[in-house]
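Structure, as structure tokens:
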Amino acid sequence: MQIDFHNGVTYIVARLAGFDHPEADVIAHCAQYVDDATNSGLIRFNNGTIFNHISSAHKLLDYRNFRQLANYQVWIPFHFLPGNEGLPAHQNPNGTFINKLICRPNSHVAQDMLRECIQLHQTHHGLYRLGIAMHVYADTWAHQGFAGVNHQVNEAKKLIDSRGNLDLKFTKKVKAYFKKNVVENFTGHLLSEVFPLGHGAVLGHPDKPFLKWGYTNGLNEKIIRNNPQDYLEAADHMCQWLQRYRLGDPDALVPGLLTEDKTVIAEHLESITHKDNEIRYQQWLDLIGKGRFSFGSSQVSYIHKGIGSWKHDAIGTEAYLDTGTEVFQYQPTFLESHWKRFHEALIAHRSYIVDTLLPKYDIHVGVNKPVKLTR
């Protein structure tokens, strides 16, 4: 998913779940910032204070950079949450380990992640942790069928369009996109090291709300995708968990999206079709500003770097990338800043997913260099 859903639609469903504007803004900002938090390391201040932060995305989301992107501690906890084939903890799916790693919508793993958020809702970074989890949860629909590792399952062939016809134009685009990198990297390396990561083999198709498409994966399974339908289902389930969060009860029976609001979301998931995600995002913001939803009119914006961003407010930098040598002017407001709380929540989320939650499903990925998967 991209900013139009992760920030725009997430804000909408948070408001529809009962959060006020400032709360929903934090949740939606965090949901999008997962894709934009590309720096990591120590932040040093002139008074000697040091703050450690981690990244939840890479500087360049280029699926041709196989070796750089093959980082379990980024892609698995933040973008391709393993689904354990929809089975609860302590149950193993048929097949090999890869079957546990494939992302599945609304999996027990994902629901356990949200239960943890609800249990921690009174912590000072609880709302930020919720926003991060909303990103991961939404992506279980967008990234379903793919795994956050280099593996055969992520291969795609016989790409088809919304009418079921072979999409020769897009197939040509994919081949051109990968050709140079594959040629340069194949010599001297195992084929498994050149498999596309995640949904790289179909580029941005899973992340565009309006697309209906299909493909045959590396296991020779025919996959039909209806993004508008999947995204609407994601929005409804997100609303339900946000409502449970407000109640402090992970088992509460909640209504989810009201019919009128759900109809408006469904309509625009299909009708907003521009290829540029920033333009699609602005169209969602226009709907919010015009009061098209039952919570009324609101003004929403998102700045991920530079003046006006959370990071600028916290440490005063306008730079897009950190060098690691900077010494920032310390301000007491840093301790309560959005940026600091987001990064505290980011570390807590990754630690919980990698070290606590996934091991309950017999999924162990808490290493910097992943073990190679066999076919």
Side-chain angles (χ1 to χ4, degrees), residues 1-7 9-10 31-32 34-36 56-58 61-63 66 69-86 93 97-114 132-156 159 174 195-219 221 223-235 237-238 241 269 277 349-350 353-354 357-358 361 363 365 370 373:
M1 293 180 174
Q2 297 173 328
I3 190 172
D4 50 335
F5 193 96
H6 278 317
N7 186 265
V9 177
T10 298
Q32 173 56 31
V34 170
D35 277 343
D36 294 322
S56 50
H58 288 277
L61 184 54
D62 188 338
Y63 285 98
F66 307 110
L69 296 179
N71 183 337
Y72 280 21
Q73 296 210 29
V74 169
W75 297 114
I76 285 180
F78 297 116
H79 304 282
F80 294 90
L81 189 69
N84 200 43
E85 288 292 11
F97 185 59
I98 190 62
N99 296 91
K100 298 174 75 69
L101 293 182
I102 296 171
C103 194
R104 297 299 182 193
N106 199 29
S107 65
H108 284 280
V109 181
Q111 293 180 44
D112 285 348
M113 170 188 69
L114 293 168
I132 293 166
M134 282 295 112
H135 177 108
V136 180
Y137 189 52
D139 272 356
T140 67
W141 274 271
H143 296 169
Q144 60 181 288
F146 297 99
V149 294
N150 291 332
H151 190 272
Q152 176 189 12
V153 69
N154 296 324
E155 291 179 337
L159 297 165
V174 172
F195 283 142
L197 173 74
H199 59 73
V202 292
L203 303 185
H205 266 34
D207 291 328
K208 296 173 181 175
F210 55 91
L211 285 183
K212 298 177 182 178
W213 57 290
Y215 67 101
T216 299
N217 69 15
L219 304 182
E221 299 167 330
I223 309 296
I224 302 298
R225 294 292 300 272
N226 184 326
N227 289 3
Q229 179 178 299
D230 290 339
Y231 279 46
L232 182 62
E233 184 177 300
H237 280 279
M238 288 166 65
W241 278 102
L269 285 173
N277 67 86
H349 170 89
R350 187 182 73 176
I353 297 295
V354 172
L357 178 58
L358 293 183
Y361 288 81
I363 299 173
V365 294
L373 298 173

### Task
Quick one: closest heavy-atom pair of V153 and N217, and the distance?
O-CB, 3.6 Å
### Task
For residues P206 and F146, report the shortest heavy-atom separation together with the two atoms involved.
CG-CE1, 4.1 Å
### Task
Starting at CG of N150, measure out to CH2 of W75 and round the result to the nearest 0.5 Å.
11.5 Å
### Contacts of type side chain to side chain donor-acceptor pair (under 3.5 Å), residue Y137, not counting sequence neighbours
N106, W241
### Query
Got a sec, which residues hit side-chain contact (heavy atoms from CB on, under 4.5 Å) with V136, two or more places apart in sequence or on another chain?
L81, M113, H349
#### Entry: Within-4.5 Å side-chain heavy-atom neighbours: Y361 and D112
yes
### Message
To the closest 0.5 Å, what do you measure between CD1 (I3) and CG (D35)?
### Response
9.0 Å
### D4 to P209 - nearest heavy-atom pair and separation
OD2-CG, 3.4 Å
### Task
Using side-chain contact (heavy atoms from CB on, under 4.5 Å) as the criterion, list what pairs up with N99, not counting sequence neighbours.
E85, P93, T96
### Spacing of CG belonging to N154 relative to CG belonging to L101, to within rounding of 0.5 Å
10.0 Å
### side-chain contact (heavy atoms from CB on, under 4.5 Å) partners for D230, two or more places apart
W141, Q144, R225
### Task
Show your working on side chain to side chain contact (heavy atoms under 4.5 Å, CB included) between Q73 and V365 and close with a plain yes or no.
CA-CA 8 Å; Q73 296 210 29; V365 294; over 6 Å; no
### Query
Where do M1 and A138 come nearest, in terms of heavy atoms and distance?
CE-O, 3.2 Å
### Task
Rounded to the nearest 0.5 Å, what's the gap from NE2 on H79 to NE2 on H143? Could you check?
8.0 Å
### Query
What heavy-atom pair brings V9 and A235 nearest, and what distance separates the two atoms?
CG1-CB, 4.3 Å
### N227 side chain vs H205 backbone, donor-acceptor pair below 3.5 Å
yes
### Query
Counting distance only, does the side-chain N/O of D207 pair as donor-acceptor with the main-chain N or O of A142 below 3.5 Å?
no
### Message
In the structure I gave you, are the side-chain heavy atoms of L358 and I76 within less than 4.5 Å of one another anywhere?
### Response
yes
### side-chain contact (heavy atoms from CB on, under 4.5 Å) partners of Q229, counting only residues at least two apart
N226
### Query
Looking only at heavy atoms, which two atoms of S107 and P82 are closest? And how far apart?
OG-O, 4.1 Å
### Task
Measure the NE2-OG1 distance between H237 and T140 for me, rounded to the nearest 0.5 Å.
9.5 Å
### Separation between CG of N7 and CE of M134, rounded to the nearest 0.5 Å
14.0 Å
### Message
Could you work out, with side chain to side chain donor-acceptor pair (under 3.5 Å) as the rule, every residue matching D139, not counting sequence neighbours?
### Response
H6, H135
### Message
Closer than 3.5 angstrom, by distance alone: can the side chain of T10 be matched with the main-chain N or O of F5 as a donor-acceptor pair?
### Response
yes
